2 protein chains.
Amino acid sequence: MNAPIVNPALTKNQTLVFDVLEKSEGPMSAYTILDKLRDHGFRAPLQVYRALDKLTEFGMVHRLESLNAFVACAHREHECCGGAHGHGHGTVAFAICESCNQVLEFHDHKVDHNLGDWAKSKGFKPSKTTIEIRGLCEKCAA
Amino acid sequence: MNAPIVNPALTKNQTLVFDVLEKSEGPMSAYTILDKLRDHGFRAPLQVYRALDKLTEFGMVHRLESLNAFVACAHREHECCGGAHGHGHGTVAFAICESCNQVLEFHDHKVDHNLGDWAKSKGFKPSKTTIEIRGLCEKCAA
DNA sequence: TGCCACACGTTATAGCATAACGCAATTGAT
DNA sequence: ATCAATTGCGTTATGCTATAACGTGTGGCA
Ligand SMILES: [Zn+2]
Ligand SMILES: [Zn+2]
Ligand SMILES: [Zn+2]
Ligand SMILES: [Zn+2]
């Protein structure tokens with residue numbers, strides 16, 4: 001539950017990568033981002049990965065482990081307990097539609113606490129928790 | 001929450017791959033498994049991946065999304081509500097020690113229900129749920 | 001017998017991620 | 001101002017993960 005960085009000054013590459021992700025409808029792979037940015041001078045995967053690393057560190061981008069892809073953070077500021085930008089509240093979860101690729105980002109205190117209780121009972125010290133639900137969104141399941 | 005296959009007859013390749021995984025201390029990548037099986041005639045990744053696909057389908061092996069690696073299922077038969085071999089109880093979760101690579105497999109009804117409730121409230125139909133906690137196990141955190 | 005499903009083997013290719021080098025810009029003491 | 005440390009950047013090369021596409025062989029079954 002590391003404290004997120006608030007409003008960091010982004011470099012040019014970080015801004016470009018973030019803008020691409022934010023405008024995207026769904027998650028994007030690093031290589032797809034790279035292709036979108038070739039016109040802006042991007043030539044190599046590392047340019048994308050380095051920006052993604054920082055954006056993830058800032059809490060502005062999340063990596064979807066089950067897709068090897070990335071999304072812009074969908075939290076509104078002050079949306080809830082966490083305050084400000086970022087995830088002060090704890091673990092974030094994702095519901096990923098396998099039909100339309102839409103991603104719903106959410107957090108659930110009860111899940112968070114239940115997993116925390118389990119960890120405590122086992123003496124396990126969590127650093128990062130991944131929760132990803134694959135399935136069909138309401139629209140696609142109909 | 002698909003019903004697991006019980007006691008399927010394994011092919012030679014599936015048996016070899018499963019045995020390697022079961023004897024391993026921690027998760028293994030497909031390519032590491034391949035290297036372990038070269039002496040048994042394995043030559044190509046597909047031989048491993050095909051076996052892993054089936055073993056996963058049988059519920060005997062789990063894929064760790066955050067590691068791109070695989071582990072043998074650690075559930076004892078009849079351990080709990082699920083009965084028999086497999087995961088009749090629902091979602092499985094993993095705690096992965098980033099120091100010693102030990103993996104603890106567990107399930108948590110409350111978490112399961114929490115996520116189920118969320119899905120129901122959003123009309124989302126889950127097919128597979130990934131829960132992976134990275135951190136330090138009790139021994140390594142000390 | 002003919003057909004089908006499935007496992008298997010092989011080669012090639014696609015997709016994801018990082019190592020290692022050198023350079024330039026920034027920062028922050030001294 | 002100057003030096004050192006840090007950070008970002010660009011490039012090349014490489015490594016790791018996964019699948020496509022083809023053909024073969026085998027066992028069950030109408
Ligand atoms: Zn977020
Ligand atoms: Zn959908
Ligand atoms: Zn299991
Ligand atoms: Zn450990």
Side-chain angles (χ1 to χ4, degrees), chain A residues 5 7-21 24 26-58 60-71 96 98 101 103 128 130 132 134, chain B residues 5 7-21 24 26-58 60-71 96 98 101 103 128 130 132 134:
Chain A
I5 291 93
N7 295 331
L10 298 185
T11 66
K12 180 160 160 289
N13 284 4
Q14 289 160 15
T15 304
L16 287 166
V17 168
F18 183 70
D19 286 352
V20 165
L21 268 182
S24 164
M28 300 181 78
S29 77
Y31 278 72
T32 306
I33 296 170
L34 173 59
D35 286 337
K36 289 271 183 196
L37 289 176
R38 294 214 184 263
D39 296 342
H40 294 265
F42 274 51
R43 317 252 81 203
L46 258 196
Q47 298 175 275
V48 177
Y49 281 109
R50 292 205 267 231
L52 286 172
D53 284 348
K54 282 298 180 186
L55 292 168
T56 301
E57 181 185 333
F58 299 156
M60 299 173 67
V61 161
H62 301 294
R63 174 183 168 80
L64 300 177
E65 302 287 355
S66 67
L67 293 179
N68 293 332
F70 302 83
V71 287
I96 302 164
E98 293 178 304
N101 296 314
V103 173
K128 189 191 180 222
T130 297
E132 296 176 17
R134 306 284 293 268
Chain B
I5 290 93
N7 294 332
L10 297 185
T11 67
K12 179 159 161 291
N13 284 4
Q14 288 159 17
T15 303
L16 286 167
V17 168
F18 184 71
D19 286 352
V20 166
L21 269 181
S24 164
M28 300 183 77
S29 77
Y31 280 74
T32 306
I33 296 170
L34 174 59
D35 286 338
K36 288 271 183 195
L37 289 175
R38 293 215 184 263
D39 295 342
H40 294 266
F42 274 50
R43 317 251 79 204
L46 258 196
Q47 298 175 275
V48 178
Y49 281 109
R50 292 205 266 233
L52 287 172
D53 283 348
K54 283 298 179 185
L55 292 167
T56 301
E57 181 186 332
F58 298 156
M60 298 172 67
V61 161
H62 301 293
R63 174 184 170 77
L64 300 178
E65 303 287 354
S66 66
L67 293 179
N68 293 330
F70 302 84
V71 286
I96 303 164
E98 293 178 303
N101 296 313
V103 174
K128 185 182 184 233
T130 298
E132 296 175 18
R134 307 283 293 267

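Lettering of chains follows the sequences in order, A, B, ..., and the numbering in each one begins at 1. Here the structure is a predicted model, which means the values were calculated and not measured.
Phosphate contact (OP1/OP2 of D:dA18, side-chain N/O of B:Arg63, threshold under 4.0 Å): present. In terms of phosphate contacts, A:Gln47 brings no side-chain nitrogen or oxygen within less than 4.0 Å of OP1 or OP2 of D:dC9. Using a 4.0 Å cut-off, no side-chain N or O of B:Thr11 falls inside it from OP1 or OP2 of C:dA7. In terms of phosphate contacts, B:Asn68 brings no side-chain nitrogen or oxygen within less than 4.0 Å of OP1 or OP2 of C:dC16.
Looking at A:Asp35 and A:Arg38, a side-chain N of the basic residue comes within less than 4.0 Å of a carboxylate O on the acidic one, giving a salt bridge. Electrostatic pairing of B:Glu65 and B:Arg63 counts as a salt bridge here, judged by a charged N lying under 4.0 Å from a carboxylate O.
Taking CZ from A:Phe58 and CZ from A:Phe18, the interatomic distance works out to 11.5 Å, rounded to the nearest 0.5 Å.
Between D:dG8, C:dG9, C:dA17, one nucleotide has an atom nearer to the side chain of B:Arg50 than all others, and that is C:dG9. Looking at the side chain of B:Phe70, the nearest of the listed nucleotides D:dC9, C:dT10, D:dA18 is D:dA18. Considering only side-chain atoms of B:Leu46, the nucleotide from C:dA19, D:dA21, D:dC9 that sits closest is D:dA21. The side chain of A:Lys54 lies closest to D:dG8 when the candidates are D:dG10, C:dA7, D:dG8.
Taking atom CG on B:Leu10 and atom C1' on C:dC6, their separation rounds to 15 Å, with Å as the unit. Taking atom CG on A:Asp53 and atom P on C:dT18, their separation rounds to 7 Å, with Å as the unit. Distance B:Glu65 CD to C:dC16 C1': 14 Å, rounded to the nearest Å. As rounded to whole Å, 15 Å separates atom P of C:dA25 from atom CG of A:Asn13. With rounding to whole Å, A:Phe18 atom CZ is found 19 Å from D:dG8 atom C1'. Note: CG (B:Leu67) to P (C:dA17) measures 13 Å, nearest angstrom. In this structure, B:Lys12 atom NZ and D:dT26 atom C1' are separated by 15 Å, rounded to whole Å. Atom pair B:Met28:CE and D:dC16:P shows a separation of 14 Å (rounding to whole Å applied).
Of the residues in residues 32-44 of chain A, not one places a heavy atom less than 4.0 Å from an atom of DNA chain C.
Side-chain contact check for A:Val48 versus A:Tyr31: every heavy-atom pair is 4.5 Å or farther apart. Residues A:Val17 and A:Leu52 meet the side-chain proximity criterion, which asks for heavy atoms closer than 4.5 Å.
Here the side chain of A:Ser24 pairs no donor or acceptor atom with the backbone of A:Val20 at under 3.5 angstrom. Between the side chain of A:Thr32 and the main chain of A:Met28, no donor-acceptor pair closer than 3.5 Å is present.
Both thresholds, 5.5 Å between centres and 30° between ring planes, are met by A:Tyr31 relative to the base of C:dC16, so the two rings are stacked. D:dT19 has no stacking from B:Tyr49 on its base ring, since the centres under 5.5 angstrom apart and planes within 30 degrees of parallel are not both found.
When each of B:Leu67, B:Val103, B:Leu64 is checked for a side chain to side chain contact (heavy atoms under 4.5 Å, CB included) with B:Glu132, only B:Leu64 meets the rule.
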